[in-house]
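Protein chains get the first letters and strands the later ones, always in sequence-line order, with residue 1 at the start of each. All of these numbers come straight from a predicted model, not from anything done at the bench.
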Amino acid sequence: EPEVTQTPSHQVTQMGQEVILRCVPISNHLYFYWYRQILGQKVEFLVSFYNNEISEKSEIFDDQFSVERPDGSNFTLKIRSTKLEDSAMYFCASSEIAGGELFFGEGSRLTVL
Amino acid sequence: RKEVEQDPGPFNVPEGATVAFNCTYSNSASQSFFWYRQDCRKEPKLLMSVYSSGNEDGRFTAQLNRASQYISLLIRDSKLSDSATYLCVVFMDSSYKLIFGSGTRLLVRP
């Protein structure tokens, strides 16, 4: 069964450092998403991406964040100058159609010290 | 008003019980609705889509009331393995994003 894969599964970084979280969406999917879940809290929308550009982004997704699809398969989330409050599980998801079922990766846990 | 609102629970029920979860959404233009299940520290997984006519999948029944902007999930004959957090998800028609409710936690006890 096709699946969304994410790397790394866990990353520990020092405050102020840059991190890149990687995702390989399902190959025939056209819509890509990043969500964030702080421990014990809700799943929060960060950004959606379609046709090689951002479709929508939340208030959380400020200049500290960027997304890229560098090679047609990977979908990356870059977090610059990490802060303690960036510690969370970051989920990548993809869907075949707009508003369709989201398939999630297993998540990348980011710990900022 | 929150975009998607759920009762956080927890709902603590015995095996075999019937339990119902509710969800309200604020954007009347929303078009797609889903129930996802999330186990502790795992990714959300689709439980079922919610259709206007209501739909059933085994022990699970989902219903949508557009007039009241309300979605429900009914679980019959609860199993221990149903213990999880149930997430109501709404697709915002005006944008390419699915918004999650904060989830309702279910604990099924022996």
Assess whether a salt bridge exists between B:R59 and B:D82, defined as any Lys/Arg side-chain N lying under 4.0 Å from an Asp/Glu carboxylate O.
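Yes, B:R59 and B:D82 are salt-bridged.
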
Carboxylate-amine/guanidinium proximity below 4.0 Å for B:K79 and B:D77:
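A salt bridge is present here (some side-chain N lies under 4.0 Å from a carboxylate O).
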
Any link between B:I75 and B:I71 through a network of hydrophobic side chains (Ile, Leu, Val, Met, Phe, Trp, Tyr) touching at under 4.5 Å?
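Same cluster: B:I75 reaches B:I71 through Ile, Leu, Val, Met, Phe, Trp or Tyr contacts under 4.5 Å.
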
Strictly under 6.0 Å, is that where the ring centroids of B:Y70 and B:Y25 end up?
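That pair fails the under 6.0 Å test.
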
Looking at chain A, which one of B:K45, B:K42, B:Q38 has the largest number of heavy-atom pairs inside 4.5 Å, strictly under?
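Of B:K45, B:K42, B:Q38, B:Q38 has the most heavy-atom pairs under 4.5 Å with chain A.
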
Which one wins on heavy-atom pair count under 4.5 Å against chain A: B:S102, B:S32, B:P8, B:P44?
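Between B:S102, B:S32, B:P8, B:P44, the count favours B:P44.
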
If the contact rule is any heavy atom under 4.5 Å from chain B, which residues of residues 6-35 of chain A qualify, in numerical order?
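A:Y31, A:Y33, A:Y35 fall under the 4.5 Å cut-off.
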
Rounded to the nearest 0.5 Å, how far apart are CD of B:E43 and CG of A:L102?
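CG of A:L102 is found 12.5 Å from CD of B:E43.
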
Would you compute the distance between atom CZ of A:R80 and atom CG of A:D86 and round it to the nearest 0.5 angstrom?
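Answer rounded to 0.5 Å: 11.5 Å.
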
Heavy-atom pair of closest approach, residues A:G99 and B:F34:
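Closest heavy-atom pair between A:G99 and B:F34: O-CZ, 3.1 Å.
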
In chain order, what residues pass the salt bridge (Lys or Arg N to Asp or Glu O under 4.0 Å) check against B:R76, with sequence neighbours excluded?
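B:R76 satisfies salt bridge (Lys or Arg N to Asp or Glu O under 4.0 Å) with B:E56 once adjacent residues are dropped.
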
Under 4.5 Å from any heavy atom of chain B - which part of A:Q37
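Side chain only.
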
For B:F33, is it the side chain, the backbone, both, or neither that has a heavy atom closer than 4.5 Å to a heavy atom of chain A?
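Looking at B:F33, nothing touches chain A.
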
